[in-house]
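Counting starts at 1 for both ligands and their atoms, in listed order.
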Amino acid sequence: MSNLTDHVPKMGAFHCAMIGLDSSGKTTVLYRLKYNQYMNTTPTIGFNCEKFRINGTAYTVWDVGGQDKLRPLWRSYTRCTDGIIFVIDSTKEDRMEEAKLELLKICKSNGPSSKNGQIPILVLANKQDLPSALDECKITEVLGLKKEFGDRFQWHLQPICAITGEGLDEGMEMMHAMIDQRRKLKKSTSGFLKPSDGKLFQTGTESSKNNSASAKTSRKVQRSHSHHVLSRS
Ligand code: G3D
Ligand code: MG
């Protein structure tokens, strides 16, 4: 039996904070998502904010500057958001450790035990058009995604090219699925809505797959992608 609210149209936008090291391609991603075209960027001092719709869902995305002196600001954007988009430059093997440390810092403050509970993370492995780009397996390994996040976090790694937009739709579909899952989980654990079978929640894996399969996308991903969604029973 489905919950009553499953049939109520979703109100309001999904709020996402987009962070990552400087020059990883955050602003290029932002404008690709908003205008579906490549736009020239200049280094972001402060932040950019854009609103747009993807497959009927409204998003407000904050793109926060990634230079090291701006990184202390990240937390104020990630604290109360629905989802975190973490962009990495897949060609910069020598900066992966730095990216990993920054990602871990943010995750620690948004983990399951934090006040706001766990916030889903979409890792965009950008610049896959370049021959020197590390592949998905290598990036998962160097960022320690399985080791550090395991099944404690909802996360998804998506290889993309922000210049062409390849992989972005798939990544945002996964973000949508993870945010939906977190909202359902919050409702079910708050005691207002409990699934009729008494379980706290079902794994989001199947719904994520279904979402991906049914989405009408114009930009296709070439590589397979890995993800981990929180499941509780
Ligand atoms: P940032 O906002 O994370 O700092 P930007 O990064 O969006 O400003 O992008 C930094 C540089 O990376 C830009 O090049 C941009 O064109 C480039 N870039 C972004 N995404 C991709 C991609 O998918 N593939 C390739 N090849 N380049 C990308 P410039 O030359 O303007 O510094
Ligand atoms: Mg920028």
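When the heavy atoms of Lys26, Lys127, Gln128 are ranked by distance to atom 3 (O) of ligand 1, first place goes to Lys26. In the candidate list Ile160, Ile19, Asn126, Asn126 is nearest to atom 20 (N) of ligand 1, counting heavy atoms. Looking at Ile88, Asp129, Thr91, Thr164 and measuring to atom 26 (N) of ligand 1, the nearest heavy atom belongs to Asp129.
In this structure, Tyr31 is not a member of the same hydrophobic cluster as Tyr38, with clusters built from ILVMFWY side-chain heavy atoms closer than 4.5 Å. Under a hydrophobic-cluster definition in which Ile, Leu, Val, Met, Phe, Trp and Tyr are linked whenever side-chain heavy atoms come within less than 4.5 Å, directly or via other members, Val64 and Leu21 are assigned to different clusters.
For atom 29 (P) of ligand 1, the protein comes within 4.0 Å by no heavy atom at all. At a distance under 4.0 Å, a protein heavy atom can be found next to atom 5 (P) of ligand 1. For atom 32 (O) of ligand 1, no protein non-hydrogen atom is found at a distance below 4.0 Å.
Not close to ligand 1: Gly20, with no non-hydrogen atom less than 4.0 angstrom away. Ligand 1 has no atom lying under 4.0 Å from any heavy atom of Gly66. Judged by the shortest distance from any of its heavy atoms, Pro43 lies outside the 4.0 Å radius around the atoms of ligand 1.
For Leu130, every heavy-atom contact with ligand 1 shorter than 4.0 Å involves the side chain, none the backbone.
Of all protein heavy atoms, the one lying nearest to atom 10 (C) of ligand 1 is Ser23 OG, 3.5 Å. Atom 13 (C) of ligand 1 has as its closest protein heavy atom Thr41 OG1, 4.2 Å. Protein heavy atom at the shortest distance from atom 2 (O) of ligand 1 is Thr27 OG1, 2.8 Å. In terms of protein heavy-atom proximity, atom 15 (C) of ligand 1 is nearest to Thr28 OG1, 3.8 Å.
Backbone or side-chain N, O or S atoms of Thr27 reach the Mg ion (ligand 2) at under 2.8 Å. Thr44 lies close to the Mg ion (ligand 2), since one of its N, O or S atoms is found at a distance under 2.8 Å.
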